[in-house]
Amino acid sequence: MASPIGRTYTSPPPVPTAPYGLDELDPSGPLFPDMRYDGSDFRAAPAPVYVDGEMISEASPVDAETHGYGLDDFLTLAAQNNPTIRQARLQISAQTAKALQAGLYPNPTLNYIGEQIGVDVEGDKDSPGEFQGMTMSQRFVTAGKLKLSREKYMRRAHVSEHLAMAQQFRVCNDVRIHFFKALAAREIVGLRKELLKTAEDGAVTARELYNQGQATRPDVRKSSIALQRARLDVLTAENHSREAFRRLVAITGVDLSEGVVSGDLMPQGEPISYQEAMSLVLTESPELAAARAKLAADRVTVRREQVEWVPDIVAEGGAGYNFDAKETVAAAGVSIQLPVFDRNQGTIRQAQLDYRRQQEEIRRTELMLGQQMANVYQQYLTALQIATEYDRVIIPEAELAYQELLESYKANRVDWPTVLDAQMEYFDSRLTRVQHLEQARTNEVLVRGYLLHGGLMAAPGPTPPGHIDAVAKPR
Amino acid sequence: MTSPEDRRKFLKVGSIAAATGFVGNLLGRNANAQEPMKHSDMRHQDNMPQPIGNPASRPEIPESVEVAAEYDGFSRFKPSRGLDPDSDYYIGKLVPGFRKASDGPAPFEAPDIPVLPYKMEGGVKVFELVSMAVQQEFHPGVKMNVYGYNGSMPGPTIEVTQGDRVRIVVTNELPEDTFVHWHGFELPVQYDGAATLTQNPIKPGKTKVFEFDIHEEGTFFYHSHVAMQEAFGQVGWFIVHPKKVFGPPVDRDFGLLFQNFHIPPTHTISDSWAMDWNWHTINGKSGPYTTPLVCKHGERVRVRLLNFAPMQHHPIHLHGHTFWVTGHEGARIPKSAWVPRNNELVGVAQASSFEFIANNPGDWIFHCHMIHHMMNHMVKQVGPRIRDDASVDQYLANLSSRPQVDASLGDKFATPGYPQKMLGMEMSDDFMKAIWSRKEVRGMRANYPMSVKGLMTVLRVLPDDLYELVMNSDQPVEKGAVFAEIVRRFGDPSAYEPAPKMMM
Ligand SMILES: [Cu+2]
């Protein structure tokens, strides 16, 4: 006999066993436990993953033991614990400290002077010196340089305040984005499980059909492939859900055990128009406010550099003993730097150019926000339009189609595989809705949150690189 | 008591009086008729319903006629063949009915199809036929969109007598052209109705008059001569009774018009382009909504059966009787060419006349023997229907999350081919109510609707008293009571099995 297939009854191919990890994920419903149709040992499970000799379990704790966290919980946690928010606040303090330093008056200098030591005196002996004494010198700062320096750094502190605000938005927006991602991922897990049940039914149905001569062995194998894919989709969704939760937790800056997020993916308020979104970001963006504040600081920088050439007066005075005259004498001196060659022309010019550069920086920031908004708003709008229509038309239609076919099946008018197709389409369209709601919500956060995100990037300082800062005493 | 109305009144007065009357009517001539059970034999089986009707009645021949209970070894009251295949009375071939030939032809009766009335105008029978879209209830509550005539699908029956002159005024209320063909008539060619070959279409809203003499007799029909309109239901009987009634006279002249449609799931519009056909109707209804043919024990019955399926032939099988094929749609067959059969293949657009003596009381299934025609919209029997502890209602109860499937197919699946039984549709209460609301089904076994599906109907052969009880009285009749009574009288009561009370 060349092949037993088709000669006599050959049992259908066995249902593949569940992939590693799937049965632990849902202890309440073991999938096809020990299914064997023909006693064969069908090993379809992917190999378990070992790290340092230990098997890695991706099993998540049972939902009942975990806490359901809402968005506000995460926002509160992040506001208190995210390090970048504290970083940003420390940057403000650092700038005010710099301002303090920049405005401090220079210290007086105490000099000991011994002059003409060893000059010959009568008796051919060396004198201890003509003059031995102490002087005190003091630099008198002119042209309000210190006041201007302090003002300059105070203004930079103001820039830092705006940047801290921006950082707060970065963190909160990131919390919101990852919260919605986690929420969507969780809902997708549920829908993937529904789709898995449908695939399981498909596998059973294929075997039922096989037993009536209405499906071939390849048909049955196809159902096994579909089943295994659906199982892998569940695993993927589970893994993704865990990833989303962990990323969310990372932004809050606290160690949080695995838990579940609870909330609503559907946007609550009215959709925002592009004009509203743009005017919001142009009037209220902390990034723009920081850039404008920086311009003010740069204006002061110019003023500060413009007075730099005004010479400070260094006066010196003191008393000592003149061993020649053998009497106590006084000493005095005044020095002043003559701005003959260096009138700080270059640095003034640099500061002026920096000032103009900052003007361009404001414009650049506006344009960059506009460009980002164009992209983010498009994604927000498209996702919202799609999600809304899925909600309004596609899912109700898919549900009705499914229901009508169920009723038709009940009336013996349509066969079960057709019902399964409709069921799959219904669950699949709900899946698509969630995916687009996720897109809509995450982009909405950016649209309303001045496009700020990246809550774990180090908080930026008030000055761009290459600025006049490399001076021992800040000025 | 001749008219049904009188009998009905009489029965309403009291069944005891009626019973007495029937006993008094017993004739001595049925010596060879099947002996009913003697009273002393009528053991009360625990599982049998109470006797109904007149248990003491015997098969009777009405006083007014001169017919015999037995002809050459053939009994009109019990299953029998006769003694000689060459005899005129072999299998009841020429055994006359109770009706006298002089009473004219038996009235033609096509259950569920109305008769088209006519007016006499100058010796011409004038019929008005309107071609239109129709909603037809194939099953209780299952209203399908088809085309028909005068609000009916199939169209109303035109009934005339050989030699009549007819004028048929056809109005087209369809939004498209139509033609009407008078199938089988040898009429003047311009009235033939063959699309455009012989005439122009009847435009929407327009009327066309057909007038011709009828020299034929037999089973004819009219139908649209537009193929898709035919497939969409446009057909009706055109019965021509012979001027001289043929012998032997029949007591019943039934008509069964078979059609097929393809109506997709959840839909009501038939796809007349389809190549397979999932709804099957007899006189516009599909089993179990088909109306049983009810006759009396000993009667001579004719059934004219027209197959107007678009493309499927039907092997028609009648249980419990052997019938003679006495005519096709063309003309009556000379008696020498009659054929006795249990199963007659009726091709598309063919009509066959079956004649037999109803000598075997009971509820006899009368059906097309094609497996796929013995049900409607046959679908693959997989899914919750064949699964233990699963029902569609569980799915309908919560659409957003489906129940987990039980993957253990069970030991039954160790049998290759399981399941083969059609695990039929779930019938709603309203459905059952409509099925049982018709007098023709009274007293049938409680699960009769489970078995009569698609191109199936039932021939009920009832003793006189039970016929009166079922057809002409208002007395309540329990499900299964008439069947049990027939078993009690003609069968083996000790082997009686009541229907399980599963769904009634
Ligand atoms: Cu058939």
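Numbers restart at 1 for each chain; the letters A, B, ... are given by sequence-line order, proteins then strands.
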Please look at A:Leu191 and chain B and tell me whether the side chain, the backbone, both or neither of the residue comes under 4.5 angstrom of a heavy atom of that chain.
-> neither
Selection from A:Pro417, A:Ser408, A:Gly190 maximising heavy-atom pairs under 4.5 Å formed with chain B | A:Ser408
Give the member of A:Gln403, A:Glu208, A:Arg430, A:Gln214 that has the highest number of heavy-atom pairs under 4.5 Å with chain B.
-> A:Glu208
Tell me, for B:Ser400 versus chain A, whether the close heavy atoms (under 4.5 Å) come from the side chain, the backbone, both or neither.
->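 Both parts, backbone and side chain.
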Where does B:Pro403 contact chain A at under 4.5 Å (heavy atoms): side chain, backbone, both or neither?
->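 For B:Pro403, backbone heavy atoms alone lie under 4.5 Å from chain A.
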How would you list all residue pairs meeting ring pair (Phe, Tyr, Trp, His ring centres under 6.0 Å) that involve residues 386-411 of chain B, not counting sequence neighbours?
-> A:Trp416-B:Tyr395
Taking only Lys NZ, Arg NE, NH1 and NH2, and the carboxylate oxygens of Asp or Glu, determine whether B:Asp112 and B:Arg438 approach each other closer than 4.0 Å.
-> no
Quick one: sort the B:Phe138 and B:Phe261 rings into parallel, tilted or perpendicular, breaks at 30° and 60°.
-> tilted
Taking the six-membered ring for Trp, are B:His369 and B:His317 parallel (under 30°), tilted (30 to 60°) or perpendicular (over 60°)?
-> tilted
Just list the side-chain donor-acceptor pairs under 3.5 Å for residues 422-429 of chain A, sequence neighbours left out, or say none.
from: A:Gln423; atom 1: OE1; to: A:Thr198; atom 2: OG1; distance (Å): 2.8
from: A:Gln423; atom 1: OE1; to: B:Arg402; atom 2: NH1; distance (Å): 2.8
from: A:Gln423; atom 1: NE2; to: A:Tyr402; atom 2: OH; distance (Å): 2.7
from: A:Ser429; atom 1: OG; to: A:Glu425; atom 2: O; distance (Å): 3.0
from: A:Ser429; atom 1: OG; to: A:Tyr426; atom 2: O; distance (Å): 2.8

